[in-house]
Amino acid sequence: MKKGLLALSPLAVFITLYLVTSIIAGDFYKVPITVAFMVASVYAIIIYDGRPLRERIDIYSRGAGTSQMMLMLWIFVLAGAFAHSAKEMGAIDATVNLALTLLPGQMLLAGLFLAACFISLSIGTSVGTIVALTPIAAGVASQTDTSIALMTAVVVGGSFFGDNLSFISDTTIMATSTQGCKLSDKFRVNSFIVIPPAILILAVYIIMGTGVSTPQHVADVSFLKVMPYIVVLLTAVFGMNVMAVLTIGILLTGIIGMADGSFDIFGWMKAMGDGILGMGELIIITMMAGGLLEIIKQQGGIDFIINRLTRHVHTKRAAELSIAGLVALVDVCTANNTVAILTVGHISKQIGDRYGVDSRKAASILDTFSCVMQGLIPYGAQILMAAGLAQLNPIAILPYLYYPLSIGVFALFAILFRYPRRYS
């Protein structure tokens with residue numbers, strides 16, 4: 001037990017240094033998140049006993065530079081270049097003006113949430129949805145004197161609706177393949193669990209939106225400048241790779257921006273460069289988180305969680321709770337919901353088979369609770385990406401993440417009260 005707790009202690013160091021000190025100071029900008037990760041990383045390497053220092057550093061570096069991690073970093077680079085060049089070209093202002101023209105003030109929050117739900121369901125990725133909508137959400141917030149953190153959280157929450165339900169989502173595919181059930185069956189069970197809270201949160205946003213008023217004078221919409229976002233959304237919805245989508249978006253901002261005189265070719269390049277540099281902190285945080293979590297995994301932290309959670313399972317309800325707890329805790333330790341499902345998927349299948357858990361319900365629990373935790377941890381790729389694009393501290397977004405929290409509560413009730421009854 002001591003070894004397992006020691007393996008997990010770097011995570012405790014990070015949480016204590018960042019969250020606790022920030023709460024005590026009353027300012028989440030007091031302790032830079034990069035410093036908190038650096039201290040936790042150094043501590044993790046020091047306590048990793050039994051291996052030469054160079055080997056420990058190599059393990060840390062391997063975790064920071066996995067193929068999946070590097071893919072995420074390239075997306076960050078392209079997203080930064082697209083977001084800033086679009087801003088300099090005037091695409092964000094034009095798109096915000098279009099949104100303010102089409103939607104009455106009281107429907108802005110609900111409309112943004114519905115858009116995030118639809119896009120994420122269509123493209124199967126929360127990150128792609130966040131990249132497309134966060135700059136627009138931040139722009140609408142500044143134009144309507146609404147909290148930027150709230151608007152950003154609306155997009156992040158809606159993005160997890162599709163991440164959880166979409167047929168082409170990595171988490172859906174991983175959950176169904178590890179539990180041995182059909183995509184359509186998992187979707188059916190999952191929809192019983194997550195659609196009611198989605199409707200509830202939509203109603204909350206409609207009520208909250210009554211206090212939002214659009215500006216008296218909205219500038220004329222330049223439809224040509226809206227084109228990069230429309231093309232990005234359409235190509236994403238039709239299933240194009242997110243990196244290809246962003247590359248097309250960058251090219252469009254350059255072509256339109258130079259055509260209407262917003263900038264010349266050097267101005268376009270500077271805008272892209274500034275956008276990439278703006279993602280620097282996000283890239284560093286992501287790499288350090290990957291290295292830190294690899295050290296925890298190699299020291300047996302993940303195995304410790306799995307063993308501790310499964311040793312007292314005796315009933316079907318306890319089996320479902322253990323599956324939920326397993327994937328949630330492993331997601332906290334890996335900051336990647338797909339990896340979390342992959343890590344615990346097979347042991348969840350064994351638990352489910354032993355205690356008669358319906359494989360469709362097990363797949364839904366795996367997917368839903370991985371998305372709940374991924375939507376709430378401040379060092380997950382989705383919140384880091386949203387915070388970077390909206391120029392916010394990741395912690396500022398957390399209090400407004402109503403949808404991830406609501407599906408977590410509803411999914412827990414679904415386990416405790418055997419809902420939906422047919423699959424329980």
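Values below: all heavy atoms of this structure, side chains included; hydrogens, waters and symmetry mates excluded.
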Practice item. Dump the intermediate steps for salt bridge (charged side-chain N to carboxylate O under 4.0 Å, His left out) on K225 and D260, then the final yes or no. Key: CA-CA 9 Å; K225 291 187 175 184; D260 75 354; 3.4 Å; yes
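- Paired with D367 under the rule side chain to side chain donor-acceptor pair (under 3.5 Å), one option of N164, T176, N337 passes, and it is N164.
- The shortest side-chain heavy-atom distance between S348 and V327 does not fall under the 4.5 Å cut-off.
- Residues L321 and L416 meet the side-chain proximity criterion, which asks for heavy atoms closer than 4.5 Å.
- In plain terms, the two heavy atoms of I397 and I383 that are nearest each other are CD1-O, 4.1 Å.
- With rounding to the nearest 0.5 Å, the separation of CG in L384 from CG in L389 is 11.0 Å.
- Between the T66 side chain and the M69 main chain, a donor and an acceptor come within less than 3.5 Å of each other.
- Listed here is the closest heavy atom pair of S177 and M174: OG-O, 3.0 Å.
- Side chain of T368 to backbone of I365: no donor-acceptor contact under 3.5 angstrom is found.
- Here the side chain of S166 pairs no donor or acceptor atom with the backbone of D163 at under 3.5 angstrom.
- The side-chain heavy atoms of M151 and I136, taken from C-beta on, include no pair separated by under 4.5 Å.
- Using modelled atom types, one side-chain atom of S120 and one backbone atom of G158 make a donor-acceptor pair closer than 3.5 Å.
- When all heavy atoms of L292 and Y60 are compared, the pair lying nearest together is N-CE1, 3.3 Å.
- In terms of heavy-atom proximity, V156 sits nearest to A386 at CG2-CB, 3.5 Å.
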**Study point:** Check against side chain to side chain contact (heavy atoms under 4.5 Å, CB included), I415 and F369
**Key:** CA-CA 12 Å; I415 294 173; F369 279 93; 3.9 Å; yes
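- The shortest side-chain heavy-atom distance between V357 and I351 does not fall under the 4.5 Å cut-off.
- In this structure, E88 contributes its side chain and F263 its backbone to no donor-acceptor pair below 3.5 Å.
- The shortest non-hydrogen separation linking R188 to F192 is O-CD1, 3.1 Å.
- In this structure, A149 and Y400 approach most closely via the heavy-atom pair CB-CE1, 3.7 Å.
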Check your understanding: Passes side chain to side chain donor-acceptor pair (under 3.5 Å), S85 versus T253? Steps please.
Key -> CA-CA 6 Å; S85 57; T253 60; 3.1 Å; yes
Practice item. For side chain to side chain contact (heavy atoms under 4.5 Å, CB included), just list the numbers for M272 and I250, CA-CA rounded to whole Å, side-chain angles, deciding distance to a tenth of an Å, and then say yes or no. Key: CA-CA 8 Å; M272 286 190 287; I250 291 168; 3.3 Å; yes
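- K182 places no side-chain N or O within donor-acceptor distance of the main-chain N or O of F187, the cut-off being under 3.5 Å.
- Judged purely by atom type and a 3.5 angstrom limit, Q179 uses its side chain to pair as donor or acceptor with the backbone of G345.
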Exercise for review: Under the side chain to side chain donor-acceptor pair (under 3.5 Å) rule, what do S9 and Y43 come out as? Steps first, then yes or no, please.
Suggested key: CA-CA 9 Å; S9 62; Y43 168 77; 2.9 Å; yes
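- The backbone N or O of I207 lies less than 3.5 Å from a partner atom in the side chain of T210, making a donor-acceptor pair.
- Ring geometry for F37 versus F14: interplanar angle under 30°, hence parallel rather than tilted (30 to 60°).
- The side-chain heavy atoms of V344 and I347, taken from C-beta on, include a pair separated by under 4.5 Å.
- Atom CG in L133 sits 9.5 Å away from atom OH in Y229 (nearest 0.5 Å).
- Between the Y402 side chain and the G157 main chain, no donor and acceptor come within less than 3.5 Å of each other.
- At a threshold of 4.5 Å between non-hydrogen side-chain atoms, the residues F76 and I276 do not count as touching.
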Check your understanding: Going through the distances and angles, do V232 and F82 end up as a side chain to side chain contact (heavy atoms under 4.5 Å, CB included)?
Key -> CA-CA 10 Å; V232 162; F82 171 66; 3.7 Å; yes
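- Using a distance-only test at 3.5 Å, with no hydrogens or angles considered, a donor-acceptor pair links the side chain of D331 to the main chain of Q374.
- Counting heavy atoms from C-beta outward, T286 and L73 have side chains that approach closer than 4.5 Å.
- Between F266 atom CZ and M258 atom CE the span is 10.5 Å, to the nearest 0.5 Å.
- Residue K349 places its NZ atom among more than 12 non-hydrogen atoms of other residues, nucleotides or ligands, all under 6.0 Å distant.
- Rounding to the nearest 0.5 Å gives a distance of 12.5 Å between CE of M38 and CD1 of I285.
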Point to revise | Criterion side chain to side chain contact (heavy atoms under 4.5 Å, CB included) on L108 and T144, from CA distance to verdict | key: CA-CA 10 Å; L108 284 172; T144 57; 3.8 Å; yes
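- To the nearest 0.5 Å, atoms CD1 (I195) and CG (N190) are separated by 9.0 Å.
- In this structure, Y403 and F113 have side chains that are in contact, with non-hydrogen atoms separated by less than 4.5 Å.
- Distance NZ/K186 to OG/S184: 11.5 Å, rounded to 0.5 Å.
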